[in-house]
Undergrad: 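Sharing a structure with you now.
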There are 2 protein chains.
Amino acid sequence: MSADEVRFMEGFKIGEMSVDPGTTLLAEGQESPWIYTVLEGQAVQYKSLSTGRRQIINFVLPGDFLGLHAAMMGEMKHSIEARTRMVLCVFERARVQEVFHGQPARAQALAWIAAVESHLLGETLVSVGQRNAGQRIAWAFLRLWRRLEAMGLERDGMVPLPFRQQDLAEALGLSLVHTNKTLARFRQAGLCDWSGGKLRIGNLAALTGIALVDRDDPEQRPLM
Amino acid sequence: MSADEVRFMEGFKIGEMSVDPGTTLLAEGQESPWIYTVLEGQAVQYKSLSTGRRQIINFVLPGDFLGLHAAMMGEMKHSIEARTRMVLCVFERARVQEVFHGQPARAQALAWIAAVESHLLGETLVSVGQRNAGQRIAWAFLRLWRRLEAMGLERDGMVPLPFRQQDLAEALGLSLVHTNKTLARFRQAGLCDWSGGKLRIGNLAALTGIALVDRDDPEQRPLM
DNA sequence: CGTTAGATTGATGCTCATCAATATTAGTGG
DNA sequence: CCACTAATATTGATGAGCATCAATCTAACG
């Protein structure tokens, strides 16, 4: 996935950009003239409800492409908010059209990105729809761990995970309190420890066992 | 969306195909040589867990494109099972590559389809993650009603909805029993009546009020 | 050193899952 | 055309998981 995104951006880049934590990169309903890929930093992608609730759709990691909906549909269908300082590659949204005329590899990469996004959302839906709190958290941690490790961000058995418990709760359709208590149980059981913005997996096998309610093989998955 | 799909298929079609209810059109993990668009009939799109549970990812209606994941990623990431007799347009998966070389409109249509799919999955995730049983069902009914009505399938104030309560439950992450009881409440309240494979909306305003916990305007949405 | 964002912990009760029957409908073969 | 079977829908009872409310605690920061 990352390889495709890199291929997509080459020679198409407008510039680089650096933003502070808390910055809203793209806003729901907005017709941003820019789209991005993430070089450094992490963010959350969410949808808001009028009640003030939010559903976090995805955690944004280095290598991710931002603005697919803006690129294809003109406007964003969710918002993206930085959780750390971030460095981004900036592209002009309007020029996405060109890609489909005469740049087949890039066009395909874009469609690929979209297909993978829908695949991952499907997986998330399964988790939120069918699993209990512990299973959802275990699943999310493993998914994040794998991606971050694959990006080479693992150090001393830990990966950077600079989100709030509230973010995780909103990603998994849980309350903050229940998320907190489940995290405490995991920590006590030595399964994993997420604190200070770092995630450490204490017992990979056990955590996998909890998360593995589906038919996926425990091996590395190509799309993560 | 439907318009794009039609554009995608023209002059690319291999043949038509008719299947009986219960047929599995595409199976999770399978590398199908075919992809489809739906001319008639309805189906469910789901992912299975090893526990026997299933998460229904989407209800498939006429006009839908089937096999995006197979087209872009080689293998299906979910299964599709017919719930009625269906008539389908059949295409050769292998030829999807050609689309990106020299058929920009079709390539764009494909990317559009993928983007819309990810958008709709995001909406579903919000529903399952943030709303209670009644809200989820109201939301699902309105979504289905709009699409079916837009397809011209409304008749006598009813649209065909040939799914089981179990299907709806699995789509919304609810138990069959609770779904059934919520449907009974809705029926008694005169909000809507789903029985005999037909959905009738009794009180559109009230149902919308229940479902409308988000910021969407109550008007027709372009992507449905 | 006060202020604020985030994390933690306890108490309470509602929503919803689960178990278990029974009712209904549709489909099938004699 | 009617018993027989299987699939689906319906209803009641029970309790677990989780949301919610309300404090308190910790850490970062100007």
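Throughout, a chain's letter reflects where its sequence line sits, starting with A, and its residues are numbered from 1.
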Undergrad: Inspect the contact between Lys47(A) and Glu123(B) and indicate whether a charged nitrogen and a carboxylate oxygen are less than 4.0 angstrom apart.
TA: yes

Undergrad: Test side chain to side chain contact (heavy atoms under 4.5 Å, CB included) on Leu26(B) and Trp34(B) and set out the steps.
TA: CA-CA 9 Å; Leu26(B) 294 165; Trp34(B) 317 117; 5.8 Å; no

Undergrad: Using a 4.0 Å heavy-atom cut-off, does Gly134(A) contact any base of the nucleic acid, only the sugar-phosphate backbone, or nothing at all?
TA: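 Result for Gly134(A) = nothing.
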
Undergrad: Quick one: Gln188(B) CD to dA9(D) C1', roughly how many Å, whole number?
TA: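 About 15 Å, once rounded to whole Å.
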
Undergrad: How close or far is atom P of dT20(D) from atom CG of Leu176(A), stated in whole angstroms?
TA: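 Spelled out: CG on Leu176(A) to P on dT20(D) is 11 Å.
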
Undergrad: Can you tell me which nucleotide in dA22(D), dT10(D), dC18(D) comes closest to the side chain of His178(A)?
TA: dC18(D)

Undergrad: Look at the aromatic rings of His69(A) and His119(B) and report parallel, tilted or perpendicular, splitting at 30° and 60°.
TA: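 Ring orientation of His69(A) relative to His119(B): perpendicular.
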
Undergrad: Within the 4.5 Å heavy-atom criterion, are Thr182(B) and Leu174(B) side-chain neighbours or not?
TA: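 Result no, sub-4.5 Å side-chain heavy-atom pair not found.
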
Undergrad: How many whole angstroms separate atom CD of Glu170(A) from atom P of dA19(D)?
TA: 12 Å

Undergrad: Which part of the nucleic acid, if any, lies within reach of Gly173(B) when heavy atoms closer than 4.0 Å are counted: base, sugar-phosphate only, or nothing?
TA: sugar-phosphate

Undergrad: Under a criterion of less than 4.0 angstrom to any heavy atom of chain B, what are the 5'-terminal and 3'-terminal contacting nucleotides of DNA chain C?
TA: dC16(C) to dC19(C)

Undergrad: So, for Thr84(B) and Gly41(B), which heavy atoms are closest and what is the spacing to 0.1 Å?
TA: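 Smallest heavy-atom distance, with atoms named: OG1-CA, 3.2 Å.
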
Undergrad: Starting at CG of Asn180(A) and ending at P of dT20(D), how long is that distance when rounded to a whole Å?
TA: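 Asn180(A) atom CG is separated from dT20(D) atom P by 16 Å.
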
Undergrad: Looking at every strand, decide which applies to Leu174(A) at a 4.0 Å heavy-atom threshold: base, sugar-phosphate, or nothing.
TA: sugar-phosphate

Undergrad: Starting at atom CG of Leu183(B), determine the distance to atom P of dT11(D), rounded to an integer number of angstrom.
TA: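 After rounding, the gap between these two atoms is 11 Å.
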
Undergrad: Quick one: on DNA chain D, does Arg187(B) or Thr179(A) contact a more 5' nucleotide (nearest heavy atom)?
TA: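 It is Arg187(B) whose nearest nucleotide is closer to the 5' end.
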
Undergrad: What is the distance, rounded to the nearest whole Å, between atom CZ of Arg185(B) and atom P of dT11(D)?
TA: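 Going from CZ in Arg185(B) over to P in dT11(D) covers 13 Å.
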
Undergrad: Does Glu75(A) have any salt bridge (charged side-chain N to carboxylate O under 4.0 Å, His left out) partners at least two apart in sequence or in another chain, and if so, which?
TA: Lys77(A)

Undergrad: Nearest whole Å is fine: how far is dA9(D) C1' from Asp193(B) CG?
TA: 13 Å

Undergrad: Testing Arg200(A), Lys198(A), Arg187(A) for side chain to side chain donor-acceptor pair (under 3.5 Å) with Asp193(A), which one passes?
TA: Arg187(A)

Undergrad: Any idea how Trp194(B) and Phe141(B) line up, ring-wise: parallel (<30°), tilted (30 to 60°), or perpendicular (>60°)?
TA: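 Perpendicular: the ring planes of Trp194(B) and Phe141(B) meet at over 60°.
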
Undergrad: Tell me the interatomic distance from Asn132(A), atom CG, to dA19(D), atom P, rounded to whole angstroms.
TA: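 Taking CG of Asn132(A) and P of dA19(D), I get 11 Å after rounding.
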
Undergrad: Counting side-chain heavy atoms from CB outward, which of dT10(D), dT20(D), dT8(D) is closest to Arg164(B)?
TA: dT8(D)

Undergrad: Sugar-phosphate means primed atoms, P, OP1 and OP2; the rest is base. With that split, encode nucleotides 24-30 of chain D 5' to 3' as B, S or - using protein heavy atoms under 4.0 Å.
TA: -------

Undergrad: Given the rule in the side chain to side chain contact (heavy atoms under 4.5 Å, CB included) test, do Phe59(A) and Gln42(A) qualify, once you have shown the distances and angles that lead to the verdict?
TA: CA-CA 7 Å; Phe59(A) 294 107; Gln42(A) 304 185 213; 5.9 Å; no

Undergrad: Ala43(A) and Met86(A): which non-hydrogen atoms are nearest, and at how many Å?
TA: CB-SD, 3.8 Å

Undergrad: For dT8(D) and Gln166(B) - does any side-chain N or O of the residue sit under 4.0 Å from the phosphate oxygens OP1/OP2?
TA: no

